[in-house]
Amino acid sequence: MIVRSRFAPSPTGSMHIGNLRTALYAWLYARKTKGVFILRIEDTDRERSTDQAIQVILDSMQLLNLTYDEGPFYQTKRMDRYREITDQLLKTGHAYRCYCSKERLEALRADQMKNKQKPRYDRCCRDLKEKKEGSFVARFRTPDEGSIKFDDGVRGLVEFQNSELDDLVLVRSDGVPTYNFAVVVDDVDMKVTHVIRGADHINNTPRQINIFNALGMRPPIYAHLPMILGNDGKRLSKRHGALGVLQYREEGILPAALLNYLMRLGWSHGDQEIFSMEEMIEFFDFNKLQKSPATFDPDKLSWLNQHYLKTLPTEVVAKELQWQMDQKQIDMSGGPLLAEVVRVQAERCKTLNEMAEKSRYFYEEVTQYDEQAASKHLTPDIKPVLQEIATQLAQLPAWEKEAIHQVIIAVSEAHQLKLGKVAQPIRVAVTGNTISPPIDETLALIGREKTLKRLQRAMIYK
RNA sequence: GCUCCCUUCGUCUAGUGGUCUAGGACGUCGCCCUCUCACGGCGGGAACAGGGGUUCGAGUCCCCUAGGGAGCGCCA
C-alpha cells in the first residue's frame, strides 16, 4: 500500500506552529514511507476564510520546504461532488432533512446546558415521513447503538459509544457541507490512507468513521498529535506568543531550527536534540510521540536557532541574513562579505534579526556613540594612543587581522596599558558601543578607510 | 454539566518490574577562559502529582483522588 497523507488546514486564522507541526509530521511520514503528501485547503467556512490566509499557508509551506505532491485542493471547488454524496446518503437513509430553525436549536442547547445535560440535537426531524417546505439541513443518522473503535497511531486503541454522538449536520441550509462531511468525502476521493492531525480532532473521528461506514468505505488510519500549550498552560493561540510561521522568519529564526524544535516537541529519539532533515525522516515514528500536550518554550527554540547559526555553512546563513538586511534597508555596498559577518557574529546572536542589528556598523556610518560608553572610554588621555594606532594602521602594508592585532598590542605595551584599556576605546570609536567581535577581527571587517575615519572622529569627541 | 484522554526537574524529555542513590537537553546559579559581548569548559540546584493496592521488588501494572487537556456548532 502506498501511503497517502495530507495536511488540511483551514484558511481562517494564522498558520501557527501547531498547524506547522501537524504539517511537518504528515509530511515526514509521507517522505519516510516514500508515499504521497497532499495539501488540501479546507475553506468551507465562507465567512471566515480569506485569500490572504490561503497565501500565508502556501508561503509557509514553501518557506520550510514542505513540498506537496498533490494539491493544493480547495473544498469550495468540489461542491458538486459533495452534493452528489449528500443525495446518496439521503436516498439510502443515512441522512435526513432537518427543518429546525437555528433559534429552536439555540433554545434547546441553552435548556440542556441549564439542566446540566450534554448539549445535543433532540432528533426532532429524524423520523419525519414527508418533505416539508422551507430551508433545511442534512443531518447524519448516527447509529443508536454500538461503538466505534479505532487504533490510533499515537494513542493506541480508542473507543467511543455511538450513544454519545450527535446527529451532526452534514450540509448547511445554504448547501455548503460542514467540516466532518467534507473531510470524509475528500479523504475518500483523494484516497488518503493516513490522517495525521491535532488531538482536537479526536472526538470528530468516530463521527467521521460512521460516515465512512455509511458510504461503504474503509476509514483511513488515524494519528492524533498532542496539542501544543502556551506557557500559561493553555492551548496555544496568537495570544500566547504563538507567532505565525512567517513571523518567525521576520524574527530571524532559521527554518532548520523551527523544524528541529517542533520535531522534538512531544517526540523524542533517545537523548538526541539535533536532527538533520534526513534524520527526521529516518527516525520519525508515531509511537515515539508523547500522548500529553507539550508546552512551547521560546528559549529552547532560541538555543536551537543559535546552534544552526553557528553550524550551518556561513553562506547558507548569509543568504537568510541578506533577507534581514534588505528588510532593514541597510546599504551593503563597500562593506564586508555577509558570510564573513556571519562567521564572527553567529556565536553572539540568537536570531538573524539580532545579527542584522548588531552588524550595522560594518556597513553604516557610526553617527553617534552610546553615551555611557563614550564618556567612559573616549577620555582625553586615550587620544594620543588612538592617534598612534591610527598612524600605524595607516602604514600597514596589508589590512589583515594578524597585522592589526600586532599594532594594537605594540601600542598598548608602549604605553604600558592592558589590551582592554586600548581595545575598548577603539571599539567605541568604530562601533559606537562596547560590544563587538574581537577588536582585530572587527577592524579587519570594517576596512581600513572606515576605521581610520572613525578613529579620527573619536579623537575630536568632546 | 457530560464524554474521552493525559500526569517524571521551571520547560522538552529518557525510562517499557530489579542495572534509578532517576539520565540528557533548554533555562537557571557558581567557577574557569577572556580586549567587550559572546562561544566554550567544569560544577551546583532542580522531578517520578497524592493515596491505596498487586509483587520478593514499582517511576514502570491496577484502583481512587487531585490537577491538566480535548470535545460537546448550520467552526474547522
Side-chain angles (χ1 to χ4, degrees), chain A residues 8-13 42-45 47-49 98 100-102 105-106 109 112-121 135-139 155 158-161 163-166 168-180 182-183 197-204 206 224 226-227 229 231 233-235 261 264-274 290-304 306 310 344-350 358 373 377 405 408-409 412 418-428 431 433-440 442:
Chain A
S10 66
T12 51
E42 312 224 318
D43 54 355
T44 51
D45 184 346
E47 310 248 307
R48 295 190 296 159
S49 296
C98 167
C100 294
S101 68
K102 284 184 186 177
L105 295 174
E106 268 167 45
R109 203 178 349 262
Q112 288 165 328
M113 296 279 264
K114 210 175 71 185
N115 293 320
K116 307 192 170 179
Q117 290 171 323
K118 189 169 181 167
R120 62 194 336 202
Y121 180 57
S135 71
F136 62 88
V137 301
R139 279 189 189 272
R155 307 182 169 244
V158 178
E159 179 172 10
F160 286 90
Q161 296 299 321
S163 57
E164 289 296 328
L165 269 27
D166 207 354
L168 66 156
V169 171
L170 260 25
V171 184
R172 301 171 171 90
S173 47
D174 64 359
V176 179
T178 59
Y179 164 76
N180 279 300
V183 167
R197 63 200 343 182
D200 48 338
H201 286 293
I202 198 150
N203 290 277
N204 286 321
H224 289 93
M227 301 276 83
L229 273 27
N231 55 11
K234 292 275 161 55
R235 187 177 160 184
Y261 178 76
R264 189 62 191 29
L265 189 63
W267 178 91
S268 63
H269 181 71
D271 285 339
Q272 189 170 341
E273 296 288 350
I274 308 295
Q290 211 74 11
K291 291 187 185 71
S292 49
T295 306
F296 177 73
D297 180 8
D299 285 339
K300 190 156 184 181
L301 209 209
S302 285
W303 171 75
L304 266 167
Q306 186 175 38
K310 288 189 298 188
V344 300
Q345 294 278 241
E347 64 193 36
R348 23 186 70 78
C349 301
K350 295 282 192 198
K358 284 183 172 173
H377 297 290
H405 186 71
I408 297 172
I409 291 283
S412 303
K418 279 186 168 177
L419 183 55
K421 291 287 176 197
V422 180
Q424 281 305 74
I426 301 174
R427 190 154 3 233
V428 174
T431 72
N433 215 318
T434 56
I435 301 167
S436 90
I439 195 65
D440 48 358
T442 304

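For clarity, every value in this text was computed on a predicted model and none was experimentally measured.
Residue A/Lys421 places no side-chain N or O under 4.0 Å from the OP1 or OP2 atom of B/U36. Contact check, A/Arg197 against B/A76: no side-chain N or O comes under 4.0 Å of OP1 or OP2.
Under 3.5 Å, the side chain of A/Asp200 and the base of B/A76 form no donor-acceptor pair of N or O atoms. Checked by distance alone, A/Arg348 brings a side-chain donor or acceptor within 3.5 Å of a matching partner on the base of B/C37. Side-chain N/O atoms of A/Arg427 and base N/O atoms of B/C35 include a donor-acceptor pair closer than 3.5 Å. Looking at A/Ser173, its side chain comes within 3.5 Å of the base of B/C74 through a donor and an acceptor atom.
Two residues are said to be in side-chain contact when any heavy atoms from C-beta on lie closer than 4.5 Å; A/Tyr121 and A/Val169 fail this criterion. Residues A/Leu170 and A/Leu168 are in side-chain contact: their nearest non-hydrogen atoms beyond the backbone lie under 4.5 Å apart. Counting only heavy atoms from C-beta outward, the side chains of A/Arg155 and A/Ile202 approach each other to under 4.5 Å. You'll find the side chain of A/Lys300 reaches within 4.5 Å of the side chain of A/Glu273, heavy atoms only. In this structure, the side chains of A/Thr44 and A/Thr178 stay at 4.5 Å or more apart for every pair of heavy atoms. Under the 4.5 Å side-chain criterion, counting only non-hydrogen atoms from C-beta, A/Leu165 is in contact with A/Pro206.
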Taking only nitrogen or oxygen atoms into account, show me every contact under 3.5 Å that the protein makes with nucleotides 19-26 of chain B, one pair per line with its distance.
unit_1, atom_1, unit_2, atom_2, d
B/G23, N2, A/Asp271, OD1, 2.8
B/G24, N2, A/Glu273, OE2, 3.1
B/A25, O4', A/Glu273, OE2, 3.3
B/C26, OP1, A/Trp303, NE1, 3.4
B/C26, O2', A/Lys300, N, 3.3

Would you tabulate the pairs of protein nitrogen or oxygen atoms and nucleotide nitrogen or oxygen atoms of nucleotides 5-7 of chain B closer than 3.5 angstrom?
unit_1, atom_1, unit_2, atom_2, d
B/C5, O2', A/Arg155, NH1, 2.6

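Comparing the P positions of B/A14 and B/U36 gives an interatomic distance of 41 Å, to the nearest angstrom. To the nearest whole angstrom, the two C1' atoms, one in B/A49 and one in B/G41, are 37 Å apart. Rounded to whole Å, the P atom of B/C32 lies 48 Å from the corresponding atom of B/G67. B/U7 and B/C29 have their P atoms separated by 31 Å, given to the nearest Å. Only the C1' atoms considered, B/G59 is 8 Å distant from B/C20, to the nearest whole Å. Taking the C1' atom of each, B/U8 and B/U3 are spaced 28 Å apart, rounded to whole Å. Only the P atoms considered, B/G40 is 23 Å distant from B/G23, to the nearest whole Å. Rounded to a whole angstrom, the distance from the C1' atom of B/G15 to that of B/C33 is 36 Å.
Per the geometry, NZ belonging to A/Lys118 stands 16 Å off P belonging to B/A70, to the nearest Å. Atom CZ of A/Arg120 and atom P of B/C4 are 13 Å apart (whole Å). Distance CZ (A/Phe296) to P (B/C12): 12 Å, rounded to an integer number of Å. Atom pair A/Gln161:CD and B/U3:C1' shows a separation of 10 Å (rounding to whole Å applied). Atom CG in A/Leu229 sits roughly 13 Å away from atom C1' in B/G67 (whole-Å rounding). Protein atom CG of A/Leu168 is 13 Å distant from nucleotide atom C1' of B/A76, rounded to whole Å.
In this structure, the side chain of A/Asp174 engages the main chain of A/Val176 through a donor-acceptor pair within 3.5 Å. Side chain of A/Tyr261 to main chain of A/Pro298: no donor-acceptor pair is present (N/O by atom type, distance under 3.5 Å, no hydrogens or angles). Side-chain N or O atoms of A/Arg139 include none that pairs as donor or acceptor with a backbone N or O of A/Asp166 at under 3.5 Å.
Under the Watson-Crick or G-U wobble criterion, with both distances below 3.5 Å, B/C56 is paired with B/G18. The partner of B/C37 is absent, by the rule that a Watson-Crick or G-U pair needs both atom distances under 3.5 Å. Nucleotide B/U28 forms a pair with B/G44, judged by Watson-Crick or G-U wobble geometry with both contacts under 3.5 Å. In this structure, B/A49 and B/U65 make a Watson-Crick or G-U wobble pair, each of the two defining distances being under 3.5 angstrom. The partner of B/C74 is absent, by the rule that a Watson-Crick or G-U pair needs both atom distances under 3.5 Å.
Closest contact between the side chain of A/Asn180 and the listed nucleotides B/U36, B/A76, B/U11 involves B/A76. Comparing atom distances between the A/Gln424 side chain and each of B/G71, B/C35, B/C12 picks out B/C35 as nearest.
Nucleic acid contact class of A/His201 (heavy atoms, under 4.0 Å, all strands): base. Among the atoms of the strands shown, base atoms are found under 4.0 Å from some heavy atom of A/Pro437. Within the nucleic acid shown, A/Asp174 has no heavy atom closer than 4.0 Å to any nucleic acid atom. Within 4.0 Å (heavy atoms only), A/Asp440 reaches at least one base atom of the nucleic acid. Note on A/Arg109: only backbone sugar-phosphate atoms sit closer than 4.0 angstrom, heavy atoms only; bases stay farther off. The residue A/Ile202 sits apart from the nucleic acid: no heavy atom pair falls under 4.0 Å. The residue A/Ser302 sits apart from the nucleic acid: no heavy atom pair falls under 4.0 Å. As judged by a 4.0 angstrom heavy-atom cut-off over every strand, A/Val137 is placed among the base-contacting residues. A/Glu42 comes within 4.0 angstrom of the backbone, heavy atoms only, and of no base. If you check every strand for non-hydrogen atoms under 4.0 Å, A/Ser268 touches sugar and phosphate atoms only.
Across A/Pro437 and A/Arg348, no two heavy atoms sit closer than the pair CA-CZ, 3.7 Å. The two residues A/Thr434 and A/Arg427 make their nearest non-hydrogen contact at O-CD, 3.6 Å. The shortest non-hydrogen separation linking A/Gln272 to A/Arg264 is O-NE, 3.2 Å.
Within 6.0 Å of NZ on A/Lys421 lie no more than 12 heavy atoms contributed by other residues, nucleotides or ligands.
If you find the closest nucleotide of RNA chain B to A/Asn203 and to A/Ala8, the one lying nearer the 5' end belongs to A/Asn203. Checking A/Cys98 against A/Ile435, the closest nucleotide of RNA chain B that is more toward the 5' end is the one next to A/Ile435.
Residues A/Ser436 and A/Thr442 bring a donor and an acceptor atom of their side chains to less than 3.5 Å of each other.
B/C20 takes the anti form, because its glycosidic angle lies more than 90° either side of 0.
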| A/Arg109 vs A/Gln112, side-chain hydrogen bond (donor to acceptor under 3.5 Å, both in side chains): CA-CA, chis, key distance, verdict | CA-CA 5 Å; A/Arg109 203 178 349 262; A/Gln112 288 165 328; over 6 Å; no

| Which parts of nucleotides 41-50 of chain B does protein reach within less than 4.0 Å, heavy atoms only, written one letter per nucleotide 5' to 3' as B for base, S for sugar-phosphate only and - for none? | ----------

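In this structure, NZ on A/Lys350 lies 11.5 Å from CG on A/Leu301, to the nearest 0.5 angstrom.
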